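What you are looking at is a predicted structure, and each value in this text was computed from that prediction instead of being measured. Chain identifiers are assigned alphabetically (A, B, ...) following the order of the sequence lines, protein sequences preceding nucleic acid strands; residue numbering begins at 1 within each chain.
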Amino acid sequence: MKKTKLLAIALCAALFTTVFAGCGKQGGNEDGSSQEKVVIDFSMLNLSGDIEGWTAMVEAANELLKEENIEISISKVNGTGWPEYYQKVASQMAADNSPDIGRIAESYMPTLIAKNQVVDLTSYIENDFDMSQYYEKTFENSAYVDGKYYGVPSGLNNYLLYYNKDMFDEAGLDYPSADWNDPTSFEEIADMARTLTKETEGGKQFGFYTGPYMAEIGMFSTSLGGNNVFDAEGNPSINDATSKQVYKWFDGMLRDDGSMPRPTDTAVMSAFDMFTNGRLAMIVDGTWWLGSIGSIEGVNVGIAAVPGAEDGSAYTSQFVDSFVIYEGCEHKDEAWKAIKALVSQEGFEALAATGVGGTPVHKEVVNAVTEKLLGENVDEASKKVAEEALNHTVKVPYNEYYEEADQKVNNTMDEWLLGQITSDEYADKVQQILLDYKAQAEE
Amino acid sequence: MMRKKKIPVKKLLSGAILAVASVTMLFPFYWMIKTALMTNRAALEFPPKLVTWPLYLGNFVEVFGTTGLGRAMGNSLLIAAVSTLGVLFLSSLAAFAFAKLHFKHSGFWFGAIFGTMLIPSQILLIPMYVLFAKIHWVDTFLPLIVPQIMINGYGVFLIKQFMAGIPDSYIEAAKLDGLGYFGIYRRIMLPLCKPPLVTLGVFTFVGNWNNFIGALIYIDSEEKFTLPLIINSFRTEYSVEWGLLMAASAISVLPMIIIYLFAQKSFVEGISMTGVKG
Amino acid sequence: MHEVKERREDMKKNLSKKESRWGMLFVAPQIIGLIFFVLVPLASALYLCFCEWDFTSSPVWVGLKNFEAVFIFDSDMFFKTLENTAIFILGVIPLTMFLALGLALLANQKLKFLSFYKSALFMPMVTSSVAVAMVWYWLFAPDMGLINYLIGKLGLEGPGWLSDPRWSRVAIILMTAWLKTGYYFIVFLAGLKAVPVVYYEAAKIDGASGWQRFRNITLPQISPVTFFVFVMLVIDVFNMFSEAYVLTRGGPMYSTYTLIMYIYTQAMTYFNLGKASVASLILILFAGSISALQFYLSKRWVNYDA
């Protein structure tokens, strides 16, 4: 026993030294070549479903960059989502170890911009970019602040109304409207949801779901002619008349009719999982599900415009992920060229072929994606709805304190859902939370 | 009056209670394996059934086919093994000193080492990362191994408590036999401390094997990825691929079960003290 | 005579010097580790209590702004975490100690299938916490969970569990106790195994009953281990995070929101290291005083066999 212990310690020391020997980070440039090749470190969130898409895009981009002697090298970040990606990148920046470029979700842009963690790209875009090939409106997302651009869109996601055709047929109801300019009204949705809610053998079947969160309230409120969470000056306005109307609509379904599952009910099995398992008739959710819809089995899916005002249009929130250059980058010009190559037509085509990344913002490539993702599973009318959506998008009003306020707002939601306060009172509470955070941010 | 026959009822009852407790403890494990053997769709069926048939092997096939899985397991094994050996050695050594030796300010130092357990790891994470970056230890396994070996409040505390219960007379006797302090440590204290050593060893190994956040922050290169990093990538941006995730978790659990079964034999069944009694 | 006495005293001094030296040598690695891997980062973390940092430039001194943010701005969240911690301490610790010690006592006999029981009780430690959280979710789900289903069979209506602020705490306490029981069962069992069998034999010969043996031999003999479990459980409760986070995210209405969740969210999600450091300071002081109290009282009831 003693000899083995000594042996173990010796082994330990040996392993220790080998591990020690294999350390040290490689520099950014490859040396030895006569011309200086610049390697751009692209930090990428590595999730199982997406990796091939982005790798394909990078390969296409590298083809274009060969003549400029630039190469994009991927650094994978294996996390469960954007929070871990941001943790990793922020840690690296704190230690002067920053990656050169990356792709990040829109919700993080305000923080990145406020903390000076990303490079201002405005002059590059004004002098070295052909905007005519892209949907310019999509560039006006949270990466665009005070007239300055801090990111280039890598893809767009928005909300659609997915519904279960068979359930509608069985109940003898007309399908929800496919016309963004004449959408199904809120009252009609509530009625449909009520009819489609019932007890079945496999548990309760619900009629409708969408998150009763600030972004959705804002989106619906806009279609009613109101503000999108904040007014034009950026002051919170979530307890104005139209927003309260939307909260009341949710209130009816959540508490009175029981036609909508509560957020706690969707903690482990998400609402979208309920939909694919035939337990939910309608769901307003993102285009990130298009691939799943295309391969769904057992549910006959239709796509409609999201609910809107009785006599108006419908609006859908857009979520635009961006390519950014991190502030610690030492080759900013080359990094810009790399991004340009990524968002080229070739880049987007390579990406679209895999169906990853949402709707591309390059005009030539848009239709390819919807076709590819939805395939045979969905009829032509539904595909058109998905494409038309791009003309009815509205920005999610992210700002510096949005995420933190949102967390608090959602945590207070139970008071309303448990019936302790009315939906109007809840709207007032949300407004107060936003005002408090705004005041604190301005200190 | 002396009872001659042992009433088996007590043993039967004990067995029954332990059996029930065991089943409840095993249930999540069973659930994990069961979900791993279902398609993603079946995994979300409601109400959840206790047994699903037929079994679906696709998840395991896909997980095994994942590039880098084997290598990640190797990396995790290396880190966990080296860390565990290091922790066992240095913590027990320090515990011996605190429990049985007298030196200046030993109470103070023990308090300080113990106190490290009260500090939330989250606030140390970034400052430590910056520190390690400055000495170029980033993207190596060193930050994942060295700190816990060099300072381990849990290990020192656990072993010390056990060692404190060992009679001083053993040590006196050993000194009379001419043993130096390291010899006493090696030949007397360690063998007597098998149970807490095994406990500490298993806890440390498992903790390292499952360490996700450390690996996320410190490791950049793909070939150095550890198992938790691979397991956590079985998600798409918006949903979890339950079947794959559970299959990967099941594979991850396997080596630890093997190790525990081996460690079991060292959970000495009754230590009979035949030494000097004070 | 003098010489002999002097030499003996010299020898004693040398011996104690020798003991001193070896003692310090043995703890030296831990002390080095303490300084470099704890005190140095801790110092920077505490410095950050008074700063704002955007990661790309140096931290900016802002005085007490972070304290204000935590105690005043986030006050309802923050004080709720303290309340929750107190409740969890009162709930989790007695329950876990009772279960762990109870099971260990049962397992400390010659039983069939004993190895199986020991392996099984150890399982939660190695199972993925995602799987554990999933299973507990299925158990506690209000409309369709197993527990309410069984309660329904008895003709009663089960509570809202995870959607009800009062019951969610009960659910978390039950889950945490269950999780920790496995760990501490092993620790207690190791402690029980170390009690010399001769003590029990002698007591039996003297006619002591089972309960008397337990009270007068077992408890005192395992008191160091019991103390360890007690102290560690307090620390565990302060650190309660992963499984609860997955199940309830700290809700509903912050009823299961722990201090560690607050620190984690501030540090890792919003990267407000200043606020996280302030909250950590509170946690360290709070947990530290409880531990100090425990150590102080331990002199009364912990029995070190010497």
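Within the 4.5 angstrom heavy-atom criterion, no atom of Phe113(C) approaches chain B. Proximity to chain C is absent for every atom of Tyr129(B), based on heavy atoms less than 4.5 angstrom apart. Contact of Ala19(B) with chain C is made through backbone and side chain together, with heavy-atom distances under 4.5 Å. Contacts of Leu125(B) with chain C are made by side-chain atoms alone, with heavy-atom separations under 4.5 Å and no backbone atom involved. For Ile284(C), the parts lying near chain B are the backbone and the side chain together; criterion is any non-hydrogen pair under 4.5 Å. With a 4.5 Å cut-off on non-hydrogen atoms, Lys112(C) does not touch chain B at all. Interface residue Ser91(B): backbone and side-chain heavy atoms are both found under 4.5 Å from chain C.
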- Query: Step by step, would you call Ile123(B) with Leu273(C) a side-chain contact (heavy atoms from CB on, under 4.5 Å)?
  - Reply: CA-CA 7 Å; Ile123(B) 52 148; Leu273(C) 288 191; over 6 Å; no
- Tell me, with the steps shown, if Val146(B) and Phe37(C) meet side-chain contact (heavy atoms from CB on, under 4.5 Å). CA-CA 9 Å; Val146(B) 178; Phe37(C) 300 122; 3.7 Å; yes
- Task: Tell me, with the steps shown, if Phe182(B) and Phe26(C) meet side-chain contact (heavy atoms from CB on, under 4.5 Å).
- Result: CA-CA 9 Å; Phe182(B) 192 76; Phe26(C) 288 167; 4.0 Å; yes
- Item | Test side-chain contact (heavy atoms from CB on, under 4.5 Å) applied to Met24(C) and Trp109(B), step by step | CA-CA 10 Å; Met24(C) 292 200 275; Trp109(B) 288 117; over 6 Å; no
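Not a single donor-acceptor pair under 3.5 Å links the side chain of Glu19(C) to the backbone N or O of Leu101(B). One N or O on the side chain of Gln30(C) and one on the backbone of Asn152(B) form a donor-acceptor pair closer than 3.5 Å.
Your options are Trp136(C), Tyr183(C), Phe36(C), Phe238(C), and the one with the most heavy-atom pairs under 4.5 Å with chain B is Tyr183(C). When each of Ile119(B), Ile213(B), Thr116(B) is checked for heavy-atom pairs under 4.5 Å with chain C, Ile119(B) comes out on top. Your options are Met128(B), Lys104(B), Lys175(B), and the one with the most heavy-atom pairs under 4.5 Å with chain C is Met128(B). Options Ile113(B), Leu12(B), Leu158(B), Thr24(B) differ in how many heavy-atom pairs under 4.5 Å they form with chain C, and the most are formed by Leu158(B). Chain C forms more heavy-atom pairs under 4.5 Å with one residue of Val253(B), Leu18(B), Ile126(B) than with any other, namely Leu18(B). Residue with the most contacts toward chain B among Ser280(C), Ala28(C), Ala267(C): Ser280(C) (heavy-atom pairs, distance under 4.5 Å). Of the residues considered (Leu118(B), Leu131(B), Val156(B)), Leu118(B) shows the highest number of contacts with chain C, using heavy-atom pairs under 4.5 Å. The candidate from Ile32(C), Val225(C), Leu42(C), Val229(C) with the greatest count of non-hydrogen atom pairs under 4.5 Å with chain B is Leu42(C).
Note: Phe228(C) and Phe157(B) have tilted aromatic rings, judged against thresholds of 30 and 60 degrees for the angle between ring planes. The aromatic rings of Phe295(C) and Phe114(B) stand perpendicular to each other, their planes meeting at an angle above 60°, with 30° marking the opposite boundary.
We find the CD-CD1 distance between Gln161(B) and Ile222(C) to be 12.5 Å, quoted to the nearest 0.5 Å. Note that the OH atom of Tyr181(B) and the CG atom of Leu25(C) stand 13.0 Å from one another [nearest 0.5 Å].
Annotation: side chain of Gln122(B) is in contact with side chain of Ile260(C) (closest heavy-atom distance under 4.5 Å). The side-chain heavy atoms of Met25(B) and Trp178(C), taken from C-beta on, include a pair separated by under 4.5 Å. Side-chain atoms of Leu26(B) and Phe116(C), non-hydrogen and from C-beta on, do get closer than 4.5 Å to each other. Under the 4.5 Å side-chain criterion, counting only non-hydrogen atoms from C-beta, Leu103(C) is in contact with Ile17(B). Between Val231(C) and Met117(B), the closest side-chain pair of non-hydrogen atoms is not below 4.5 Å.
Between Ser22(B) and Tyr117(C), the shortest heavy-atom contact is OG-CD2, 3.3 Å. Ser14(B) and Gln109(C) get closest at one heavy-atom pair: OG-NE2, 3.1 Å. In this structure, Leu283(C) and Pro120(B) approach most closely via the heavy-atom pair CD2-CG, 3.8 Å. Considering every non-hydrogen atom in both Pro127(B) and Pro41(C), the closest pair reads CB-O, 3.7 Å.
Legend: residues meeting side chain to side chain donor-acceptor pair (under 3.5 Å) with Ser249(B), ordered by chain and number and at least two apart, are absent.
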